[in-house]
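Beneath this line is the structure, given in structure tokens, with notes to follow.
So you know, we letter chains A, B, ... as the sequences are listed, proteins then strands, and number each from 1.
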Amino acid sequence: MEARPGPSAAVTALRGVLPFLVGAFASLLLHFVVAPASGPFATKLVMDAGINVILAVSLNLVNGFTGQFSIGHAGFMAVGGYTAGLVTYYGSMLLWGSPAAHGGFLGGGELLFLAACLAGAAVAALAGLLVGLPSLRLRGDYLAIVTLGFGEILRVLLQRTGDVLPTAAEVRRTPLPELATHVGGALGFTGIPFYTSPFWVGIFVTVMLVVAYRLKSGSHGRSFLAIREDEVAAEAMGIPTTRVKVTAFVLSALFAGLAGGLFAHLVGTTLNPRELGFQKSFDVVIMVVLGGMGSISGAAIAAVILTLLPELLRSFSEYRMILYAALLVVVMIVRPQGLLGLGEIWDVWRPRRKGTGR
Amino acid sequence: MSGPLLSVESISLAFGGLKAVNAFSLSLGRRQLWGLIGPNGAGKTTAFNLLTGVYRPDSGTVSLEGRRLNGLPPHEITAAGLARTFQNIRLFPDLSVLDNVRVACHLDARHGLLAALLRTPRHLAEEKAMEERSRALLSLFGLEERADDDARNLPYGDQRRLEMARALATAPKVLLLDEPAAGMNPREKDELTDLIRGLPARFDIAVLLIEHDMGVVMDLVEGITVLDHGETIAVGAPAAIRRDPKVIEAYLGTGAVDEAVDEAVDEAVEGRA
Amino acid sequence: MTKLLQTAMDAVAVGSLYALIALGYTMVYGVLKFINFAHSDIFVLGAWSSFAMAAALGWTKAGATPPLLGGFAILLASMAFCAAAGIAIERFAYRPLRGAPRLNVLITAIGVSLLLQNVGQLPFVFGTQPQRMPQLLPDRVLASVAGVDLRLVDLIGAGTAVALMLGLEALVFRTKLGRAMRAVSWDVKTAALMGIPVDRVVAFTFGLGSALAAAAGLLYAMKYPGLNQPAHATWVLLGLKAFVAAVVGGIGNIRGAMLGGLLIGAVELFGAAYFSPHLRDLYVFTLLILVLLYRPAGLLGRAAVEKV
């Protein structure tokens, strides 16, 4: 069939990028108006929440949309974070002789940071491909074990890495590939410049949400959902299930890597192997399961709530994981699809699939 | 065109020592309607699974328009033009009725993932075409009113019809229907029979039909293949199959044969009178 | 020569523990077709509850010597305790989900696993401090071959593991209960129709698997007495390796789990001894990937065909 042009090419193109423009505007507003007015503590919380939104929504592409179960999301986050950290830390050393943040808003340092995040995302996606290919050919639960194993092995390997090189002279002496082994070991990768700001978090959250939503409402995303619903039937409808599952997994790893890049350059956090272990992966799993498996808004809301909750319940911290774990079991028994299931938050007020016809 | 559309040559499959299907052959021409019958456990669904790539035959070949299909994964067989429904209904229960059909239209989509994420004009046009085609299929099967319902909430008969609409959405050349009338009431069965009868001409497809309801089969098809214990025990026109003692024996056991033959003869005489 | 012999002995000792844990994974997978994520936490519970009992009896004090059979008494007590825990978990967390999608059961199992880990870390349970397990089993050097000591405790450890496996083998293949277990693993619905009390068989399977994991927990602590806190990552990795053992042997296959355990033990310890000790987890994980790629049904498993 011949593809007919829409109302007008310009209008269609504008519609295609409009959500990104709105997101960029909101991010600027957040950065220059909201954040300065609300102080550093609240700003940090907002950035934490944003990073968790990216993690939860990206994990939902696999666990919710495609019905596979990954529990090594923090591993991909670590891959992205360490890659991005390597680029900005050693890159800054080589370019400017010091790892300190360079240039102002959208200056040279931030451009390096943007490149670093994209590089982190790309390497994380590659790691996703390597992990996903052998395990996604098989049905069911193997992915959970393989992703858990991947995250843990990665943690063990990262703990074995060497100290961060502190001076530009040493960095210049060391061959480039060897720099990758100097990421701080068990103590963590310290000294990464703090480039993550409300603006960048806002931009990446926007990209994540728009991508997830457009995916869900298009034919590619429907293939994801079909696999989750019934893999045999999906295959019988001509969907190359293994390839689609791997695509979902790689996309999910890519955004986890992006979140890792933001995390690595955030004030008040240290990129260390323990921080990005299975506990972090489970945190993200809980966000997805509580929010709704397949619900973008559900996962995002759950991510925000579960970022703020520990702050409100500080004295309760010993019981936090117990509460989460118990919640996980109870939700599975009482409301297995999660709070919102496949639906979105706006469907709650405007029920789309109820009753008979129109 | 001269050669058959679908040509199945002596495919066999054994589970351990049990021959599930033995030397099954079939030849379907354009716009032909053919029936596959047999008692429970005769290997009918297994034959479907062999044709659609769920199982790989131990021996024999399946080819569509001269292209060899066996050995391909199921999704490639569907893309090549062989679509099916499932005996035990396998819809996508949490997706809407419309989305169940739209999923199967994905073979129409030629745009990449990036085009979908950027909502390019091509993506929008293809999505629109898919939706229109899906809605047309739904209205053919009388399901347009329920397009926005979850598939799980459809009554049984509607679910069976939705499975057929979904299989047709893959734009097949041959449609395999596994007991489409199962669990339907007589009125629904009549409607379904009329619908199936019209499919070959409307979509330019051949239809292979597994059905337990003899009324439905005999009424619809040009020819029938009868399976029993994995073996093909008879092939022929419905009228001949109806009188074939081996078929009657397979269905009813020995002893019933004479009685059934008498009945069939009576029926035939009445029909002519 | 010394190194080879020492490594081989360690490989058998550790491998038989992996095998004991792997049996629990494989039996539950056999009857219910899901990975019991919380199984490795039962193993941890076995180690820690043994420690708690020893502490309560005053055997953890410096200079205390447990009575000769004290270790075995604790072994039996912790096996019984963990069996009860396993049965309770099945009853309250998994049974309500019988017949639910596999994903839901998997998520529940992850929840149970997290729950066990974090309850175990509470200050009034086991706490967050690492502890040192006292030697509960009699130990002396029995013989010395090529500079390698054959220690009594290692012999008792491996011997207990082998005895438990032989016992399980006899139970599953020679008793009526074992036949019921095999029937349930073949087809739950048909087994129920044949009058087999499925719930009781499943509960028994959980109890049995948990008891074996508890034994592995105590024996592991005898060999490596430094006990990490219950949610420590080392436990997760141990559980993971035992699971890999079950997969390598062919999940659902009891003899496969034993074979897989020994194989994993050998790969890990020979790799650590002859290549690099830091990458031991990586060898096991690589083996898992290779098995998934080339023989997903495992060494002794049969490829499953899904009914359509």
Side-chain angles (χ1 to χ4, degrees), chain A residues 63 67-69 71 130-131 133-146 148-157 159-160 228 231-233 236 273-274 277-279 281-282 285-286 288-289 293 318-334 336-338, chain C residues 29 33-35 37 89 92-97 100-119 121-123 128 231 233-234 236-237 239-241 243-244 247 251 276 278-282 284-286 288-294 296-297 304 306-308:
Chain A
N63 291 22
Q68 309 301 303
F69 215 72
I71 48 175
L130 288 177
V131 173
L133 267 184
S135 41
L136 288 164
R137 297 186 317 149
L138 306 166
R139 291 195 56 254
D141 321 339
Y142 285 108
L143 185 70
I145 294 290
V146 174
L148 178 68
F150 162 72
E152 286 307 286
I153 304 288
L154 186 71
R155 190 179 55 73
V156 171
L157 291 180
Q159 280 174 345
R160 298 273 157 216
R228 150 206 155 117
E231 204 169 324
V232 172
R274 214 183 26 215
F278 65 91
Q279 205 83 335
S281 293
F282 285 143
V285 165
I286 289 161
V288 169
V289 172
M293 311 237 271
E318 264 171 13
Y319 296 91
R320 183 177 73 99
M321 283 314 288
I322 296 180
L323 179 78
Y324 285 8
L327 219 54
L328 212 53
V329 177
V330 171
V331 166
M332 279 302 110
I333 292 173
V334 178
Q337 70 275 43
Chain C
Y29 192 90
K33 303 285 177 285
F34 87 100
I35 298 171
F37 241 87
I89 289 168
F92 294 109
Y94 301 150
R95 196 178 299 175
L97 291 172
R102 288 152 61 110
L103 195 57
N104 296 357
V105 190
L106 182 73
I107 295 171
T108 307
I110 292 170
V112 171
S113 168
L114 282 177
L115 201 60
L116 287 176
Q117 284 175 16
N118 288 286
V119 169
Q121 296 225 110
L122 288 176
T128 50
T234 48
V236 177
L237 276 171
L240 196 70
K241 281 184 256 181
F243 173 77
V244 173
V247 173
I251 193 138
S276 160
H278 303 315
L279 301 178
R280 55 199 299 165
D281 303 317
L282 198 62
V284 177
F285 193 61
T286 311
L288 172 68
I289 298 288
L290 289 177
V291 167
L292 291 184
L293 276 177
Y294 295 107
E306 208 200 346
K307 288 195 187 108
V308 175

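Listed options C:Pro96, C:Ala233, C:Ser113, C:Ala93 were ranked by heavy-atom pairs under 4.5 angstrom with chain A; first place goes to C:Ala233. Of the listed residues A:Ile333, A:Ile145, A:Val329, the one with more heavy-atom pairs under 4.5 angstrom with chain C than any other is A:Ile145. Interface remark: of the candidates C:Leu115, C:Val105, C:Leu97, C:Val247, C:Leu115 forms the most heavy-atom pairs closer than 4.5 Å to chain A. In terms of non-hydrogen atom pairs under 4.5 Å with chain A, the most contact-rich of C:Val244, C:Val236, C:Ile289, C:Leu290 is C:Val236.
Between A:Pro134 and C:Leu292 the shortest heavy-atom distance is O-CB, 4.5 Å.
Residues A:Tyr319 and C:Asn118 form no side-chain contact, since every pair of their non-hydrogen atoms from C-beta on lies 4.5 Å or further apart. The shortest side-chain heavy-atom distance between C:Phe37 and A:Leu148 falls under the 4.5 Å cut-off. Within the 4.5 Å cutoff, the side chain of A:Asn63 has no heavy atoms near those of the C:Ile107 side chain. Side-chain contact between A:Glu152 and C:Asp281: absent, with no pair of heavy atoms (C-beta onward) separated by less than 4.5 Å. For the pair C:Leu279 and A:Leu157, the minimum side-chain heavy-atom distance is below 4.5 Å.
With a 4.5 angstrom heavy-atom cutoff, A:Val289 touches chain C only via side-chain atoms. For chain C, no part of A:Arg274 is nearby; none of its heavy atoms comes within less than 4.5 Å. For A:Phe150, the parts sitting under 4.5 Å from any heavy atom of chain C are the backbone and the side chain alike. In this structure, the portions of C:Ile35 lying under 4.5 Å from any heavy atom of chain A include both its backbone and its side chain. With a 4.5 angstrom heavy-atom cutoff, C:Pro101 does not touch chain A via any of its atoms. Residue C:Ala109: no heavy atom, backbone or side chain, is found under 4.5 Å from chain A. C:Leu288 touches chain A through its side chain: at least one heavy atom from C-beta onward sits under 4.5 Å away, while N, CA, C and O do not. Within the 4.5 angstrom heavy-atom criterion, only side-chain atoms of A:Ile286, from C-beta onward, approach chain C. In this structure, the portion of A:Ile71 lying under 4.5 Å from any heavy atom of chain C is its side chain and not its backbone. Heavy atoms of C:Leu240 lying under 4.5 Å from chain A belong exclusively to its side chain. With a threshold of 4.5 angstrom between heavy atoms, A:Leu327 does not approach chain C through any atom at all. Both the backbone and the side chain of C:Val112 have a heavy atom closer than 4.5 Å to some heavy atom of chain A. Within the 4.5 angstrom heavy-atom criterion, only side-chain atoms of A:Gln279, from C-beta onward, approach chain C.
For C:Tyr94 and C:Phe34, the ring centers sit closer than 6.0 Å to each other.
The line from CE of A:Met332 to CG of C:Leu103 is 7.5 Å long, rounded to the nearest 0.5 Å.
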